[in-house]
Amino acid sequence: MTGWVGYTHGAMQPQLMSGNEAIAHGAVRAGAGFACGYPGTPSTEIVETAAKLSGIHAQWCVNEKVAVETGVGAALAGVRTLVTMKHVGLNVAMDPFMAVSLAGVNAGLVILSADDPGMHSSQNEQDNRNLARFAKIPLLEPSDSQEAYDFIAAAFELSEEFDTPVLLRTTTRVSHGRGLVVPGEPVELQPRPYTRDISKYVMVPANASKRNHRALQRLEELRARAEVSPLNVIEPGTIDFGIITSGVAYEYAKEAFPDAWFLKLGFSNPLPYQKVLEFYGKVSRVAVVEELDPFLEEQIRALGLPVYGKEYIPAEGELDQDAVRRALEPCLTAEPPARGPVTIPGPQQLAPAPAPALDVKDLPILPVRPPVLCPGCPHRAVFSTLRKRRMVTMGDIGCYTLGALAPLLALDTSLCMGASIGMMAGFNKALGKKAAVGVIGDSTFFHSGITALLDARYNEAEGVVVILDNRTTAMTGQQGHPGTGVHPDNTDGPAIDIVRLCLGLGVRVQTTDPADYKSLEKLVREEVKAPGLSVIVVQSPCILYLPPEKRTVEVVDDNCNLCGLCLAIGCPAIAPLDDTVSILDNCIGCGLCADVCNRDALIMHGLNEMAGV
Amino acid sequence: MSTAEQAFTVSLVGVGGQGILRAAAIIAHAAVAAGLDVKSSEIKGMSQRGGSVLSTVRFGQRVLSPRSDHADLVIATELLEGLRGLPLLAAGGTMVCAASTRIQPGAVLRREQEYPTELAEQAAARGVRLIALDAEALARQAGNPRTANSVLLGAASALLPFCDDDWQAGLAKSVPPKTLETNLLALRLGREATTSQEARQ
Ligand code: SF4
Ligand code: SF4
């Protein structure tokens, strides 16, 4: 890999760079147009460096969770995106991190975790290589500045080719250490415009389980790639001793044992089993040198291969060449360990699905019955309005995620709790225009929308955030939240006012009642056109929480031409007949169907009116 | 034979909002009253908003797994869900279905798909014993249309090892006290309807 000789690429002169600087420069060279993160030693200088470079937008986010969500939005918009944080920052970002593994990306998305072995400036030590494995995504580990520069380009390519976020993991000595970097030629990119794909980006259970299956397949495809990747190399040695290693530990081990054989894993998750096996064919003694956890070691042991590992190499703190030499010296002359049978996990051989006790083969194909928004649900008016604007609509998690289902099809994404606002902000920033809006429920807004709105304001993102304030946590069964002040024992606490909260952030805020459909439409139309960031709070209680006054709908059959406008709102209380529609018993009289009908075929009657008839 | 295999499995299927979970609770509590070991499980979440719902109750001397795809008895509170629930039955199983209750899913409402009605034919073709009844009519006869699930439990009761006291205990634990009498009546009407149906066959 990188040695002292061989810097002969054209006119490019080697430059002294820290790993973090190299990552920023390498990202720009690889065509990245968006970088964001939250400062944290040893990751901070990447965004700082990117901010000084042209061709890339760099921003600080309010925290790592919002940074990943913003990054996902930018990547979906078609811009290669780098999101940076320190190791503990990834703990904060776990929710979108895990979800985007399933949803996948559009343009490349690289998440950088800078780990801090030795805890020079951290509250703990944690080995985030485990989290790449946990999320079933590829892991790249550069060893020095040149590799930091080169690997970021490789990471973007893997991300796009395999439709996955990639974890780029450095440690303090890689991020903050300096070394020579020979810059490369800029990478030419094809545009990757966003295409709507509800089945991929809306993580409702039915979609997510298919995506999860895909992530498992993808992992094996990635493993096959890791087998042949130039990032994973066997370096021949002259003694009967081999070292498997990754990251900066490679530099320590190579300096300690220059004559040993090396398997240097730059692309270390998923582990290339055959490559490991090939390496074991070269030497009879193999050590694994890695800082912190026995990440590679345990996987190699699981194959049945003997390893000199954590019984010699400390599992805490940093290593260096002396520590590695001292630790492994006894192994050089030890009797080579006996080798038993090796088992490489083969492709899955699942038992065939059991034959059902009953013959169900020729059962008819039954109409599916997905969950739907209740008849009269106030969210329905918002979705039928948003649909007309044809904006990219970043959704969130709650009853209103059902707005993504037929016939409304009103949401583009639902990633994880609170992701809508960050994704909207990132999408619009990346495109430099107001192309996306966000939709979030009141409880989800309190969960983690507030920080994202704060971030969007701070970063001067464009967008319209529609907060569906139905005064409860509806999906899970009407629980209280800070907006209602209600506790689990039904006692009341202080209730926080969403409008004043948003005003406090300096965001333009409007409120509306979805029952007034015309003004809701007008408001959405105006806010979508207006520059900047605004919030529309749609205030109407969940009908299960506070059922509205009962009204009835009269169908004027002669006026109905079955245009389908009222059917398109997806209310389960309207059904088409042969030449008109009928209103079913489960109608609660919200009036939306009458509002969308433009032929006066649906007339609302209130209680009082009926009493007077 | 292991004790686990002796567990009797009842699967309840229907539409979110039809009271499937409560009906399952009634069976579970009746089993407790009968001195049996019980396990039950259901998937909530999205199914509450008018989606398909499945709840399973298993009882016996000792019950291990909380779920099984081989039900001895399937109780369906709606016709289409009854058809969907057929594959849940073990060979020789029985289905009790509120065959006159039809809740049209969105695709049917929008006329994209037909509402399938051939439960009787499909059950017969697979040797499933079908007890189909108009649970809503009997519930109205009992005095409250919302006791339809108790009618279905009554219709299924001949297959279940519970005495009247067990049922009463199960209902008392699960329904509001002031509806207990109506529910008991609904249960009896369901049982009688089945007996007369059998007698006719
Ligand atoms: S429970 Fe409330 S919020 Fe959820 S779909 Fe029904 S009306 Fe809408
Ligand atoms: S008024 Fe119209 S939209 Fe509202 S619940 Fe009734 S049928 Fe549905």
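Quick caveat, the model's predicted, so the values are computed rather than measured. All chains are named by letter (A, B, ...) in the order of the sequence lines, taking the proteins before the strands, and each is independently numbered beginning at 1.
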Contact list (residues 137-156 of chain B to chain A, heavy-atom gap under 4.5 Å, by number) returns none
Here the gap from B:R49 atom CZ to A:T401 atom OG1, rounded to the nearest 0.5 Å, amounts to 11.5 Å
- [ ] Please say whether more than 12 non-hydrogen atoms of neighbouring residues, nucleotides or ligands are located less than 6.0 Å from CZ in A:R196.
- [x] yes
Check: Does A:K388 NZ have over 12 foreign heavy atoms under 6.0 Å away?
Finding: yes
Checking heavy-atom separations under 4.5 Å from chain A, one finds in residues 103-110 of chain B B:I103, B:Q104, B:P105, B:V108, B:L109, B:R110
For residues 577-593 of chain A against chain B, heavy atoms under 4.5 Å, the residues are A:L577, A:D578, A:L584
Counting heavy-atom pairs under 4.5 Å with chain B, the top scorer among A:P572, A:G570, A:P370, A:P407 is A:P407
Minimal heavy-atom distance between A:R369 and B:L80, with the atoms involved, is NH2-CD2, 3.4 Å
Per-residue tally against chain A (heavy atom, under 4.5 Å) across B:E81, B:E112, B:E114 peaks at B:E81
Cut-off 4.5 Å, heavy atoms of chain A, and the answer for B:E118 is side chain
Does B:R84 reach the main-chain N or O of A:P367 with its side chain, forming a donor-acceptor pair under 3.5 Å? yes
Those residues at least two apart in sequence (or on a different chain) that pass side chain to side chain donor-acceptor pair (under 3.5 Å) with B:Q122 are B:R126
When the 4.5 angstrom heavy-atom criterion is applied to B:E78 and chain A, the contacting part is side chain
